[in-house]
Amino acid sequence: VSGDFVLVNSAAGFNFFIGNNPIANGYNIAPSYIRLTPFYEEIDSKKRAEIVLGRTLKASEVSDYWMSQGWKFVREQPFDFFILQIKKLLIFINNSEKGDNYDIKFMKQFTPILHFGIIPFGGILLLAITSLYWGRWSSPPFIGVYLFIISYALSVVIFFVKSRYRIPVVPAMIPLTAFALLEGRNKISRMSKREITILSIVFIALTIVIFRPIKNNNQSAKLNDYGVALETKGFLDEAIEHYKKALNAPPVHRRAALNLALAYYQKKDTDKAIEFSKKALKIDEKFIEARLFLASILYAQKNFTTASEHY
């Protein structure tokens with residue numbers, strides 16, 4: 001379609017870099033020059049690669065550039081890379097849901113149906129592992145299932161973890177979980193006290209690891225994202241209220257300040273637009289998007305001297 005041959009798509013290199021770089025934490029975070037939103041992510045990653053290499057790049061070349069940056073991290077910081085993979089594996093098996101553009105727990109207050117999930121991911125995983133402990137792994141027909149679970153999990157961990165990425169392993173674990181539920185009582189009744197003790201220790205240890213709470217206190221980002229969703233649907237005033245809440249929630253979110261500036265500009269309140277553009281720059285003076293927006297407003301007001309300083 002694009003005249004540039006790629007196997008599936010050209011996102012592999014950038015996604016590998018997002019999951020493997022000096023500031024990576026197992027989720028999809030990126031350096032400040034990349035805006036991790038569906039609209040800007042591809043634009044910013046391409047622009048950055050072209051600036052560094054000094055030429056126009058095809059999609060495959062952009063992917064190759066970011067892949068090389070990810071492998072550079074692996075070569076230069078192998079121990080940090082290894083620890084990061086362990087961290088991502090622990091995130092993958094953790095019961096908590098890792099949202100993508102929206103935080104699932106936060107969105108429950110607006111979408112009641114999200115409260116009706118009966119069996120959590122951690123419960124399915126815990127029972128599936130218990131089933132393996134009882135020897136279900138020895139059944140030849142299940143070898144393909146085990147290989148799929150392991151290979152797919154590793155394919156996610158090598159990049160970064162989100163809840164929707166681990167959904168495909170759930171159907172594969174359900175037969176194992178069902179076996180534990182249906183045969184568990186019979187299995188336990190045939191076990192010796194020593195075996196029951198070992199199983200109990202393993203079960204408790206896995207429960208602690210799988211259900212360990214993962215802190216996610218970025219309330220500001222959640223409020224800002226919801227504001228963006230409201231604005232997209234045309235509810236500008238409601239979006240402004242959520243952007244304001246985002247600015248007052250920890251940690252301070254530079255994007256919320258800029259979104260407020262943009263929203264007020266839509267309402268033709270230029271003074272407020274300037275105020276919150278400056279607020280965004282106070283949070284992060286290197287926030288280029290906010291600086292350019294402020295400069296454009298000042299230029300439109302014929303305040304050329306101040307505008308040129310920002311440009």
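For N95 against F121, the heavy-atom pair with the smallest separation is OD1-N, 3.5 Å. Here the closest non-hydrogen pair linking F276 and Y264 is CE1-CE1, 3.6 Å. Across every non-hydrogen atom of I149 and L176, the tightest pair is CD1-CD1, 4.4 Å. Across I18 and A24, no two heavy atoms sit closer than the pair O-CB, 3.7 Å. Heavy atoms only, all atoms of each residue included: A49 and V62 are closest at CB-CG1, 4.4 Å. Nearest heavy-atom pair, F211 versus G123, reported as atom, atom and distance to 0.1 Å: CZ-N, 3.7 Å.
Side chain of D284 to backbone of A280: no donor-acceptor contact under 3.5 angstrom is found. Between the side chain of K302 and the backbone N or O of A300, no donor-acceptor pair lies under 3.5 Å. A side-chain donor-acceptor contact under 3.5 Å links K88 to the backbone of G19.
Among I196, I198, T197, V202, the single residue meeting the side chain to side chain contact (heavy atoms under 4.5 Å, CB included) criterion with S200 is I196.
Connection of I51 to L292 is not established within any shared hydrophobic cluster, with ILVMFWY side chains joined at heavy-atom distances below 4.5 Å, either directly or through further cluster members. One hydrophobic cluster, built from ILVMFWY side chains closer than 4.5 Å, holds both F92 and I129. Criterion: ILVMFWY side-chain heavy atoms under 4.5 Å apart, direct or through other members. Under it, I174 and Y133 are part of a common hydrophobic cluster. No continuous path of hydrophobic side-chain contacts links I188 to L127 [ILVMFWY only; heavy atoms under 4.5 Å]. By the criterion of side-chain heavy atoms lying less than 4.5 angstrom apart, applied directly or through intervening Ile, Leu, Val, Met, Phe, Trp or Tyr residues, L126 is not grouped with I150; the two fall into different hydrophobic clusters.
For D237, the side chain to side chain donor-acceptor pair (under 3.5 Å) partners two or more places apart in sequence, or in a different chain, are K267.
Within 6.0 Å of CZ in F235 there are 12 or fewer heavy atoms belonging to other residues, nucleotides or ligands. Within 6.0 Å of CD1 on I23 lie more than 12 heavy atoms contributed by other residues, nucleotides or ligands. The number of heavy-atom neighbours closer than 6.0 Å to CD1 of I288, taken from other residues, nucleotides and ligands shown, is 12 or below. A 6.0 Å sphere centred on CZ of F304 holds more than 12 heavy atoms belonging to other residues, nucleotides or ligands. More than 12 heavy atoms of other shown residues, nucleotides or ligands fall within 6.0 angstrom of atom OH in Y152. Heavy-atom contacts from other residues, nucleotides or ligands closer than 6.0 Å to CZ of R194 number 12 or fewer.
One finds no salt bridge joining K46 and E61 here, because no Lys/Arg side-chain nitrogen approaches an Asp/Glu carboxylate oxygen to under 4.0 Å. Electrostatic pairing of E285 and R291 does not count as a salt bridge here, judged by no charged N lying under 4.0 Å from a carboxylate O. Classification of E195 and R190 as a salt-bridged pair fails, no side-chain N sitting under 4.0 Å from a carboxylate O.
In this structure, the side chains of I93 and L90 come closer than 4.5 Å at one or more pairs of heavy atoms. Annotation: side chain of Q69 is not in contact with side chain of F73 (no heavy-atom distance under 4.5 Å). The shortest side-chain heavy-atom distance between I158 and L154 does not fall under the 4.5 Å cut-off. At a threshold of 4.5 Å between non-hydrogen side-chain atoms, the residues Y146 and L132 count as touching. Side-chain contact between F160 and Y165 is present, with at least one heavy-atom pair separated by less than 4.5 Å. By the 4.5 Å heavy-atom criterion applied to side chains, D271 and D269 are counted as neighbours.
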Criterion side-chain contact (heavy atoms from CB on, under 4.5 Å) on K87 and I91, from CA distance to verdict:
CA-CA 6 Å; K87 184 175 182 178; I91 293 172; 4.3 Å; yes
Determine, step by step, whether F16 and F159 satisfy the side-chain contact (heavy atoms from CB on, under 4.5 Å) criterion, reporting the C-alpha distance in whole Å, the side-chain angles of both residues, the deciding distance to 0.1 Å, and the verdict.
CA-CA 5 Å; F16 182 74; F159 290 91; 3.7 Å; yes
Give the intermediate values and the outcome of side-chain contact (heavy atoms from CB on, under 4.5 Å) for residues L199 and T130.
CA-CA 8 Å; L199 176 61; T130 304; 4.2 Å; yes
Taking it one step at a time, do E231 and E238 satisfy side-chain contact (heavy atoms from CB on, under 4.5 Å)?
CA-CA 8 Å; E231 185 175 346; E238 291 86 346; over 6 Å; no
For salt bridge (Lys or Arg N to Asp or Glu O under 4.0 Å), just list the numbers for E97 and R166, CA-CA rounded to whole Å, side-chain angles, deciding distance to a tenth of an Å, and then say yes or no.
CA-CA 10 Å; E97 299 290 347; R166 64 186 188 182; 3.7 Å; yes
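With rounding to the nearest 0.5 Å, the separation of CG in N224 from CG in N259 is 5.0 Å. In this structure, the separation between NZ on K98 and CZ on R164 is 14.0 Å, given to the nearest 0.5 Å. T270 OG1 to E275 CD: the interatomic distance, rounded to the nearest 0.5 Å, is 12.5 Å. In this structure, M67 CE and F14 CZ are separated by 12.5 Å, a value rounded to the nearest 0.5 Å. Atom CG of L89 sits about 11.0 Å away from atom CG of N94, to the nearest 0.5 Å. Put simply, CZ on R254 and CG on L247 are 13.0 Å apart, with the number rounded to the nearest 0.5 Å.
For the 3.5 Å distance criterion, the side chains of E50 and Y65 fail to qualify, holding no donor opposite an acceptor. At a cut-off of 3.5 Å, with distance as the only test, no side-chain donor of K72 or N20 sits close to an acceptor on the other residue.
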Pairs of donor and acceptor atoms involving the side chains of residues 177-186, under 3.5 Å and at least two apart or interchain, shall be tabulated with distances.
unit_1	atom_1	unit_2	atom_2	d
T177	OG1	I124	O	2.9
T177	OG1	M173	O	3.1

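Note: F17 and W66 have tilted aromatic rings, judged against thresholds of 30 and 60 degrees for the angle between ring planes.
Cluster partners of L281 are L258, L262, Y265, I274, F287, F293, L294, I297, L298, counting Ile, Leu, Val, Met, Phe, Trp and Tyr whose side-chain heavy atoms approach within less than 4.5 Å, directly or via other members.
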